[in-house]
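The figures here come from the full heavy-atom set of this structure, side chains too, leaving out hydrogens, waters and symmetry mates. We name chains A, B, ... by the order of the sequence lines, and we start the count at 1 in each one.
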Amino acid sequence: MLATIILTAETIGVIAFAVSGALLAVEKNFDIFGIMVLGLLTAFGGGVVRDLLLGLVPPVFFSSYTMAGLAVLASLAVFLLYRFGGDMRLLSGRDITAIVNFFDAIGLGIFAVTGVNMALEHGFADNPLLCITVGTLTGIGGGIIRDIMAGEVPSVLRKNVYALAAILGAACYYCLMILGIGILPSVLAAAGLTVALRLLATYFHWHLPRPRS
Amino acid sequence: MLATIILTAETIGVIAFAVSGALLAVEKNFDIFGIMVLGLLTAFGGGVVRDLLLGLVPPVFFSSYTMAGLAVLASLAVFLLYRFGGDMRLLSGRDITAIVNFFDAIGLGIFAVTGVNMALEHGFADNPLLCITVGTLTGIGGGIIRDIMAGEVPSVLRKNVYALAAILGAACYYCLMILGIGILPSVLAAAGLTVALRLLATYFHWHLPRPRS
Amino acid sequence: MLATIILTAETIGVIAFAVSGALLAVEKNFDIFGIMVLGLLTAFGGGVVRDLLLGLVPPVFFSSYTMAGLAVLASLAVFLLYRFGGDMRLLSGRDITAIVNFFDAIGLGIFAVTGVNMALEHGFADNPLLCITVGTLTGIGGGIIRDIMAGEVPSVLRKNVYALAAILGAACYYCLMILGIGILPSVLAAAGLTVALRLLATYFHWHLPRPRS
């Protein structure tokens, strides 16, 4: 049950992040292989960082044939849709950015949660700093790698309520699990919190204080 | 005694690097959470890289609650000073760069030394290449992560006498410790050497040969 | 025999990647120490990533005194040739880019192969995803670090038939070794495949499909 829920969440997260990476690569007009590479790095970069920090080597990615295949297919689908999908070619850079943002929010929320879960599973439940930081880094890691590879300042520093949304999602999941709330409501509540915060912040232009207005 | 000296140095280094990251984030007008994230990444990035290279997982950062709290407070203080400090808002980008440079030099010197020290403590005293390289990477790592995240070419490639200062500080500390000089004079001499070289190089515009003048 | 062939290949790869990093640093007019740092990071970045993913800590780089010395000498030679070589100063940025590309191709081919080899040697022969991905990352890792440090979008996303060439070389070497073909023909065929693909793709302007033509 736990395994199924986490696996389902991971699958959605991998596809969402692969799509966000592939879309950014489309916007930059990278070739079909560059699109797949950026999709893969976005989908698995956060998880590999998490595994290195927890000492899990080789990282679980390397036995995830199905997940790797899904990420490649998702990236390929983005390319094909854009290349042959007619209407999709009419999308402006701004439209693509908005769609990247949507998929990025989903990946962020899910990976912040599954990152915490991996730390809990490996016996670090008594270390909230580790669990919440590793969860946050799993969530933001793939997007940081995607943005730096594409020559952009990472979303986590640029976008509204981004790091905060990831940290709150990770902390929420950690607390719910420690309190013994079941896995399904914990995943839904915590990942939902992060995704909702990011989407609402984007839609309503919420922003945290900046040095200069 | 050794532990106290290293802990004191680490504390100063963490605060100096957090301030350098937070100031660069202020210059880039990131929001308050982005400022804290960049402060944290700058303060702990080098140490996490060091721990991964030495096989210390999870990295010591994850049990450093006090240090993490100090880095957050230091970053927050930079934001508040800039936002509400009146005079500080009058600082130009150039002034901020100069202050970043000052704090960066302190962090660089201290982390080059504590990086070597961590390698010595873990039984690598007979491998100078490892000790000195790990020390250098601990020193330059946080700044590299800070600069790349902010979209800048890293200081280590851009600034005068930067890599050289870090390597000399790390090598100096390694030699002094191998020679059995006490910990306090070794830390002061080696970290002081790096800090002095960086500040003098900046002040007097020392520079190493370049391909084109 | 096996050890000698791999060592020879590694040596050529280290020098080729150090030269590619040093040349890019020359083009950016970094100082002599920045040039050596970029040469070293390019030559050893991919291998360090590989070792971290395989759990080999400290990474083998840290006991490779000769290799590290060679990379420093190669970077220094690039600087001296450019600074005092007369004719080399007449090279345009475009010429330098072409030479970087040549050395980069050689490093890419060799490290894709030696990366797979390291995974095979450590008992991962039954996991093709791991062997081929680790090989590919060993090949592309140094160049990614080089390009990001220099403020460029990494070659792997920008250049024609780059990721594909690395993956095909790594997969080719994996298959030949699993089939029991000897080490020398396997290395030559697989590294040769990657190098040839990259050079031909550059020369004939081969390119894979892009979203927009």
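- Residues from residues 33-48 of chain A that place a non-hydrogen atom less than 4.5 Å from a non-hydrogen atom of chain C comprise A:Phe33, A:Gly34, A:Ile35, A:Val37, A:Leu38, A:Val48, given in numerical order.
- With respect to chain A, the highest number of heavy-atom pairs below 4.5 Å among C:Val153, C:Leu54, C:Val161 belongs to C:Val153.
- Residues of residues 116-144 of chain C lying within less than 4.5 angstrom of chain A, judged on heavy atoms, are C:Phe124, C:Asn127, C:Pro128, C:Leu129, C:Leu130, C:Thr133, C:Val134, C:Ile144 in numerical order.
- Neither the backbone nor the side chain of C:Val57 comes within contact range of chain A, judged by heavy atoms closer than 4.5 Å.
- A heavy-atom distance below 4.5 Å is not found between the side chains of A:Arg83 and C:Pro211.
- Near-neighbour residues of residues 187-200 of chain C relative to chain A, defined by a heavy atom under 4.5 Å from a heavy atom of that chain, are none.
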Residues 21-29 of chain C side chain polar contacts: donor-acceptor under 3.5 Å, at least two apart:
from, atom 1, to, atom 2, distance (Å)
C:Lys28, NZ, C:Ala150, O, 3.3
C:Lys28, NZ, C:Glu152, OE2, 2.7
C:Asn29, OD1, B:Arg212, N, 3.0
C:Asn29, ND2, B:Arg212, O, 3.2

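- Chain C forms more heavy-atom pairs under 4.5 Å with one residue of A:Gly151, A:Ser63, A:Pro59, A:Gly55 than with any other, namely A:Pro59.
- Interatomic distance, CG of A:Leu52 versus CG of C:Leu53, reported as 6.0 Å (0.5 Å rounding).
- Contact of C:Ile148 with chain A is made through the side chain alone, with heavy-atom distances under 4.5 Å.
- Of the inter-residue distances, the one linking A:Ile32 atom CD1 with C:Arg210 atom CZ reads 11.5 Å to the nearest 0.5 angstrom.
- Heavy atoms of A:Phe79 lying under 4.5 Å from chain C belong exclusively to its side chain.
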